[in-house]
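Indexing begins at 1, ligand by ligand and atom by atom, following the structure's order. Computed from a prediction, not measured in an experiment: that's the story for all the values here.
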Amino acid sequence: MMLFPVRPPGIVKLFYPRFTWRMNPCERKVYLTFDDGPVPVYTEFVLNKLKEFGCKATFFCIGSNVVQHQELYKRIIAEGHAVGNHTYSHINGWRSRRSKYLQDVKRAEESIASDLFRPPYGKIGLRQANDILKKYRIIMWDVLSYDFHEQVSPEKCLNNVITCTRPGSIVVFHDSEKAFPKLREVLPAYLEFLQKNNYSTGVLSFENE
Ligand SMILES: [Zn+2]
């Protein structure tokens, strides 16, 4: 039986204290994030649901997807959401040299205007991170939905996010093909949960707490 830590272990946070894991715990606000878009159908679904519930989110975009789906990228911004850099080719920091990693981030900068960054797979070396931190705020998470994982059912996924959500939570979902079978069920139910429990949603920025 595999364990899925919805919340990142404390030791990881100690190791990376300069990363952002959670926002202001005194405000009843949740920070929704969607990784790996923009992709037609999936990102559109998310945008429509967010609009329906009057919620805002931050989209960590893959550069190559932005190049292919410019209109969708523009729509994200036009609808008042924030965007972040998630590298150009979804590169794994633990398996790439620093120069190659930074090059991929830089390539994504050509199409993504943001000072927020999230490392793909949450995997980044300390030296890579130190370089990125000169220019970016690195956003990790407080709640990981596992919407991308085959062994997690939609019910389990919803239950995970609902039980772990607390004021200031940064929650990770994916606007991707892989996550969609779960996301299409979980997202509307989760947004309803937020509404019923008086949580508002915020967009991430370089300065906000
Ligand atoms: Zn990703």
_Pairing donors with acceptors under 3.5 angstrom, does anything connect the side chains of Tyr136 and Asn85?_
yes

Near the Zn ion (ligand 1), meaning under 2.8 Å, the protein N/O/S atoms are Asp36 OD1, His86 NE2, His90 NE2

Practice item. Please determine, by modelled atom types, if Tyr190 and Thr165 share a side-chain donor-acceptor pair under 3.5 angstrom. Key: yes

Phe53 meets the ring pair (Phe, Tyr, Trp, His ring centres under 6.0 Å) criterion, sequence neighbours left out, with none

Do Phe34 and Tyr42 come close enough that some side-chain heavy atom pair is under 4.5 Å? no

- Query: Between His174 and Phe180, does a ring pair (Phe, Tyr, Trp, His ring centres under 6.0 Å) hold up when you go through it step by step?
  - Reply: CA-CA 8 Å; His174 293 79; Phe180 195 59; over 10 Å; no

For residues Leu32 and Val172: do they belong to one hydrophobic cluster (side chain heavy atoms under 4.5 Å, members Ile, Leu, Val, Met, Phe, Trp, Tyr)? yes

